[in-house]
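These notes are about the structure you will find just below.
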Amino acid sequence: MRIIAGTARGVKLAAVPPGVRPTTDRVRESLFNSLGQFFDGGAVLDLYAGTGALGIEALSRGCERAVFVEKDGRAVAAIRDNLRRTGLAERAEVLRMDVERGLGKLAGGSQLFNLIFLDPPYRIAPAQVGNLFSRLRSRLVPDGRVVYESGDPPQQSTLELKGVSRRYGKTVITFFERTELTMNVAVCPGSFDPVTEGHLDIIRRAATLFDHVVVAVGGNPRKHPKLPAADRARLIEKVTVDLDNVSVEVMNGLLVDFARDQGAQVVIKGLRAVSDFESEFEQAQLNRTLYPALETVFIMAEAKHSFLSSSAVREIALFDGEVRGLVPEGILESVREIYSGGHGKIQTNNDKG
Ligand code: PNS
């Protein structure tokens, strides 16, 4: 593999480490032909960067700065080697971390990008890809573009978006303008300790109303969840696996900051009875004060779930009562084990998130 054009034209790139799927020279050349070949400054973000060939090609063709995000140590070594070979290291930053964390880190800063390359492993879940798209919009300059590389056919989650796709053998490249990345994204936050049939009903119904729903597993400082947030998130992932436009994330910190970072315009809450109203009203008003553009939308719980709560499930499970019908079937055994009063595996409460 070589750099095709620009200041580093012809420079041979380092060997591709095992497990990395590089964009071939032919696809890279066609892709840059479609982008307009050369750049006049600007910044590029290369996500799932692999050997960094896309971002380095953009630097060679005139981009001023590049940020590479890659978590595989050998791939990161290849990126650094390639930056050295091409003499472009000074204009680049390499973040060795997964893309979720990388985007979180970038969200804290003011840097915007003219070009974002997104080349996730084909095995990554469609819901996760959808979640990435909803977050990229806020990282782009107004006339910026996202270039998404996928298998053929592209991931289900991108089909709702308008980008222009080109096929190169088994690879599909889709170009998105910033305006084409508009997704209606909702955040569905909660403690989910554990997720109940009532929660799942609200999540499912929200998924029919919005392009993408991010379930945010948070720490309610007024409660002390029994399970760490990551474990609560795993249980939700298990029961939402059939929902292509639902992803699950751990939320640390304020809901408004999380929603902003996720590119969400709406918070979804379920309302069971009048008794929920007071606290929900207070939270909605506070969140509105902190972030006026964020709307809270309430979905009425089904009548049959109006009595159902995570705390009731925990109490019933603690005394080895029957939780079937209260929590989704797929996590029945886990809930019994985790929350039972001593027969199963009891998790200590070390979760302050
Ligand atoms: O299921 P819960 O316990 O009612 O969920 C409450 C949750 C997690 C949605 C709420 O505590 C929350 O939003 N936590 C994040 C911290 C925050 O933003 N607090 C200010 C809201 S008023």
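One is the number of the first residue; the rest follow in order along the sequence. All ligand and atom numbering here is 1-based and tracks the order in the structure. Keep in mind that this is a model prediction, so the values were computed, not measured.
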Among all protein non-hydrogen atoms, which one is nearest to atom 14 (N) of ligand 1, and what is the separation to 0.1 Å?
Gly219 O, 3.9 Å
Could you tell me how the ring of Phe133 sits relative to the ring of Phe176: parallel (under 30°), tilted (30 to 60°) or perpendicular (over 60°)?
perpendicular
So which heavy atom in the protein is nearest atom 10 (C) of ligand 1, and how far is it from that ligand atom?
Gln283 OE1, 3.8 Å
Quick one: does Ala216 get a heavy atom under 4.0 Å from ligand 1?
no
Are the charged groups of Arg272 and Glu302 less than 4.0 angstrom apart, N to O?
no
Could you tell me the residue and atom name of the protein heavy atom closest to atom 4 (O) of ligand 1, and the distance to it rounded to 0.1 Å?
Lys223 NZ, 3.8 Å
So that I can tick it off, tell me whether Arg336 and Glu322 are bridged by a salt bridge, with the cut-off set at under 4.0 angstrom between side-chain N and carboxylate O.
yes
Any pair with a residue in residues 33-60 that passes ring pair (Phe, Tyr, Trp, His ring centres under 6.0 Å), sequence neighbours left out, goes on the list, sorted by first then second residue, please.
none
Return the residue, atom name and 0.1 Å-rounded distance of the protein heavy atom closest to atom 1 (O) of ligand 1.
Ser191 N, 2.9 Å
Considering heavy atoms of the protein only, find what lies nearest to atom 6 (C) of ligand 1 and give residue, atom and distance to 0.1 Å.
Asn220 ND2, 3.8 Å
Residue portion contacting ligand 1 (non-hydrogen atoms closer than 4.0 Å) for Val256
neither
Atom 21 (C) of ligand 1: closest protein heavy atom, distance to 0.1 Å, is Asn287 OD1, 3.6 Å
For Arg21, is there an ion pair with Glu149 - N to carboxylate O distance below 4.0 angstrom?
yes
So, Arg234 and Asp231, do they make that salt bridge, N to O below 4.0 Å?
yes
